[in-house]
Amino acid sequence: MKEGPRTHGGASCEIRISKALPRELRPMTREVAHLHCSRETQQTGEATALMREVCDEADKDGITLVLWPRPYGDDIALSQAQLIDWYARRFGFWQIQPDPPLMARAPGSTPQ
């Protein structure tokens with residue numbers, strides 16, 4: 001899975017190798033960072049479509065995804081708790097660390 005920006009309509013994110021992970025985990029893990037959807041395109045499904053594309057690509061390449069679920073940007077629509085629920089319910093992420101919250105998704109995970 002290549003590093004770099006991803007977009008779908010008005011939604012965007014960054015895929016990168018996480019420096020927070022031990023070196024031995026980095027080859028098969030990518031971090032989803034800065035998922036953003038402008039206020040004008042919130043509730044249109046563009047962020048959901050983007051995350052589905054990212055999850056599909058990770059599944060195809062056998063990559064585990066990690067993310068820090070926190071509100072990002074000036075157009076914050078969801079709280080941290082709502083983001084945790086959204087990532088779990090829609091994409092099969094699990095909270096693996098409570099403080100600060102860290103979530104992970106193994107290849108092929110299904111929503112809760």
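Among pairs with a residue in residues 46-57, those fulfilling salt bridge (Lys or Arg N to Asp or Glu O under 4.0 Å) read Arg6-Glu57, at least two apart in sequence or across chains. Here salt bridge (Lys or Arg N to Asp or Glu O under 4.0 Å) pairs that include residues 80-105, with residues two or more places apart or in two chains, are Asp59-Arg105, Asp85-Arg89.
Residues Glu31 and Ile17 form no side-chain contact, since every pair of their non-hydrogen atoms from C-beta on lies 4.5 Å or further apart. Under the 4.5 Å side-chain criterion, counting only non-hydrogen atoms from C-beta, His34 is not in contact with Cys13.
A chain of hydrophobic side-chain contacts below 4.5 Å, direct or via other Ile, Leu, Val, Met, Phe, Trp or Tyr residues, connects Ile84 to Leu65. Hydrophobic clustering (side-chain heavy atoms under 4.5 Å, transitive across Ile, Leu, Val, Met, Phe, Trp, Tyr) keeps Val66 apart from Leu50.
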Trace of the side chain to side chain contact (heavy atoms under 4.5 Å, CB included) decision for Met51 with Tyr87: CA-CA 9 Å; Met51 279 303 299; Tyr87 285 116; 4.0 Å; yes

Val54 and Met1: CA distance, side-chain angles, deciding distance, side chain to side chain contact (heavy atoms under 4.5 Å, CB included) verdict: CA-CA 9 Å; Val54 168; Met1 181 174 203; 3.8 Å; yes

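A donor-acceptor pair is defined here as one N or O able to donate and one able to accept, closer than 3.5 Å; no such pair exists between the side chain of Glu14 and the backbone of Val32. Using a distance-only test at 3.5 Å, with no hydrogens or angles considered, a donor-acceptor pair links the side chain of Arg30 to the main chain of Arg26. No side-chain donor-acceptor contact under 3.5 Å links Arg16 to the backbone of Ala33. Of the possible polar contacts, one joining the Ser109 side chain to the Ala106 backbone as a donor-acceptor pair under 3.5 Å is found.
Shown here are the side-chain contact (heavy atoms from CB on, under 4.5 Å) partners of Pro100, two or more places apart in sequence or in another chain: Trp68, Gln97. Applying the side-chain contact (heavy atoms from CB on, under 4.5 Å) test to Glu24 and every residue at least two apart in sequence or in another chain returns Pro22. Trp94 is linked by a ring pair (Phe, Tyr, Trp, His ring centres under 6.0 Å) to nothing, counting only residues two or more places apart in sequence or in another chain. Residues passing the side-chain contact (heavy atoms from CB on, under 4.5 Å) test with Ser12 are Thr7, His36, sequence neighbours excluded.
Note: Leu102 CG to Ser18 OG = 8.0 Å, rounded to the nearest 0.5 Å.
Between Phe93 and Phe91, the ring-plane angle classifies as perpendicular under the 30° and 60° cut-offs.
Scanning all heavy atoms of the two residues, the minimum distance from Cys37 to Ala47 falls at CB-CB, 4.2 Å. Across every non-hydrogen atom of Gly62 and Met28, the tightest pair is O-CE, 3.2 Å.
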